[in-house]
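Only one structure is covered here, and it is reproduced in the block below.
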Amino acid sequence: VQLQASGGGLVQAGGSLRLSCTASDPSRRTFSSYFLAWFRQAPGKEREFVAGINWSGGSTSYADSVKGQFAISRDNAKNTVYLQMNSLKPEDTAVYYCAARTRYYSSAVDPSTYTYWGQGTQVTVSS
């Protein structure tokens with residue numbers, strides 16, 4: 001599966017953005033079998049987990065740094081996962097990547113457990 005992320009941009013502190021990540025050409029059944037996540041990578045830093053969502057959308061997880069600020073969701077009919085980002089801060093500036101996997105792991109935060117990655121979308125928050 002190929003993942004295409006979009007929705008990044010330049011926003012002032014306190015603003016909002018919604019990122020989207022769409023999978024290409026999978027069957028609906030295939031897309032719904034993926035565990036999906038968002039990661040981010042700031043300059044000079046390692047890629048870090050932001051949020052994850054299970055196949056139905058009924059279970060989500062977040063990094064402590066974004067709890068209550070970001071919300072992940074998915075629409076299996078549209079083969080798309082979203083990341084709603086509110087109250088953005090300059091420290092949220094990074095390239096944001098969507099990722100997908102089919103195998104079950106107890107943890108969502110390890111990037112090495114994900115098989116498929118989008119190309120990344122830049123989010124820049126100005127102070």
Side-chain angles (χ1 to χ4, degrees):
V1 63
Q2 290 186 331
L3 302 174
Q4 180 72 37
S6 61
L10 173 64
V11 63
Q12 288 188 335
S16 298
L17 283 174
R18 188 176 81 155
L19 305 182
S20 300
C21 177
T22 300
S24 62
D25 294 332
S27 67
R28 288 185 185 180
R29 182 168 61 88
T30 301
F31 183 79
S32 66
S33 70
Y34 288 119
F35 184 93
L36 301 167
W38 288 95
F39 287 77
R40 67 185 180 186
Q41 188 166 18
K45 295 188 176 181
E46 293 190 352
R47 192 168 298 190
E48 66 172 355
F49 171 79
V50 174
I53 188 166
N54 76 333
W55 69 275
S56 68
S59 178
T60 58
S61 57
Y62 296 92
D64 288 344
S65 58
V66 304
K67 280 182 182 176
Q69 181 189 358
F70 290 3
I72 189 171
S73 61
R74 66 190 293 165
D75 185 337
N76 289 336
K78 295 182 178 180
N79 296 338
T80 301
V81 60
Y82 304 98
L83 185 68
Q84 178 66 45
M85 305 186 295
N86 299 323
S87 303
L88 284 162
K89 311 167 188 174
E91 51 264 43
D92 295 317
T93 294
V95 177
Y96 283 72
Y97 298 89
C98 54
R101 68 188 189 197
T102 55
R103 285 189 62 183
Y104 172 78
Y105 292 89
S106 58
S107 172
V109 306
D110 183 357
S112 70
T113 65
Y114 291 83
T115 307
Y116 305 102
W117 290 86
Q119 85 287 5
T121 185
Q122 176 71 47
V123 172
T124 303
V125 184
S126 63
S127 57

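Side-chain contact check for Val11 versus Thr124: every heavy-atom pair is 4.5 Å or farther apart. In this structure, the side chains of Phe35 and Thr102 stay at 4.5 Å or more apart for every pair of heavy atoms. In this structure, the side chains of Arg47 and Trp117 come closer than 4.5 Å at one or more pairs of heavy atoms.
Gln119 places a side-chain N or O within 3.5 Å of a backbone atom of Ala5 that can act as its donor or acceptor partner. Judged by distance alone, with hydrogens and angles left aside, the side-chain atoms of Gln69 form a donor-acceptor pair with the main-chain N or O of Ser87 at under 3.5 Å. Between the Thr93 side chain and the Val125 main chain, a donor and an acceptor come within less than 3.5 Å of each other. Side chain of Tyr62 to main chain of Ile72: a donor-acceptor pair is present (N/O by atom type, distance under 3.5 Å, no hydrogens or angles). Proximity of a side-chain donor or acceptor of Thr121 to a complementary backbone N or O of Gly8 within less than 3.5 Å is detected. Of the possible donor and acceptor atoms, none in the side chain of Tyr34 sits under 3.5 Å from a partner among the backbone N and O of Val1. Of the possible polar contacts, one joining the Asn54 side chain to the Ser59 backbone as a donor-acceptor pair under 3.5 Å is found. Proximity of a side-chain donor or acceptor of Asn76 to a complementary backbone N or O of Phe31 within less than 3.5 Å is not detected.
Listed here is the closest heavy atom pair of Ala42 and Ala94: N-CB, 3.8 Å. Heavy atoms only, all atoms of each residue included: Thr80 and Ser20 are closest at CG2-CB, 4.2 Å. When all heavy atoms of Ala51 and Leu83 are compared, the closest pair comes out as CB-CD1, 4.2 Å. Taking each heavy atom of Phe49 and Ser61 in turn, the nearest pair found is CZ-OG, 3.5 Å.
Scanning for side-chain hydrogen bond (donor to acceptor under 3.5 Å, both in side chains) contacts around Tyr96 gives Arg40, with sequence neighbours left out. Residues meeting the side-chain hydrogen bond (donor to acceptor under 3.5 Å, both in side chains) test with Ser106, sequence neighbours left out: none.
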Under the side chain to side chain contact (heavy atoms under 4.5 Å, CB included) criterion, do Cys98 and Tyr116 qualify, and how do the steps go?
CA-CA 8 Å; Cys98 54; Tyr116 305 102; over 6 Å; no
Hey, mind stepping through Lys78 and Thr22 against side chain to side chain contact (heavy atoms under 4.5 Å, CB included) and telling me if it holds?
CA-CA 8 Å; Lys78 295 182 178 180; Thr22 300; over 6 Å; no
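In this structure, the ring of Phe39 has its center no less than 6.0 angstrom from the ring center of Tyr97.
Under the side chain to side chain contact (heavy atoms under 4.5 Å, CB included) test applied with Arg74, the options Thr60, Ile53, Asn79 reduce to a single match, Ile53.
Donor-acceptor pairing under 3.5 Å is recorded for the side chains of Thr113 and Arg101. Judged purely by distance below 3.5 Å, without hydrogens or angles, the side chains of Asn86 and Ser16 pair a donor atom with an acceptor atom.
Residues Tyr82 and Phe70 fall into different hydrophobic clusters, defined by Ile, Leu, Val, Met, Phe, Trp and Tyr side chains chained together at heavy-atom separations under 4.5 Å. Val50 and Leu17 end up in the same hydrophobic cluster when Ile, Leu, Val, Met, Phe, Trp and Tyr side chains are linked at under 4.5 Å. In terms of hydrophobic clustering, with Ile, Leu, Val, Met, Phe, Trp and Tyr side chains grouped at heavy-atom distances under 4.5 Å, Val109 and Tyr114 are assigned to a common cluster.
Atom CD of Glu91 sits in a crowded spot, with more than 12 heavy atoms from other residues, nucleotides or ligands closer than 6.0 Å.
Here Asp92 does not pair with Lys89 in a salt bridge; the nearest charged N to carboxylate O distance is not below 4.0 Å.
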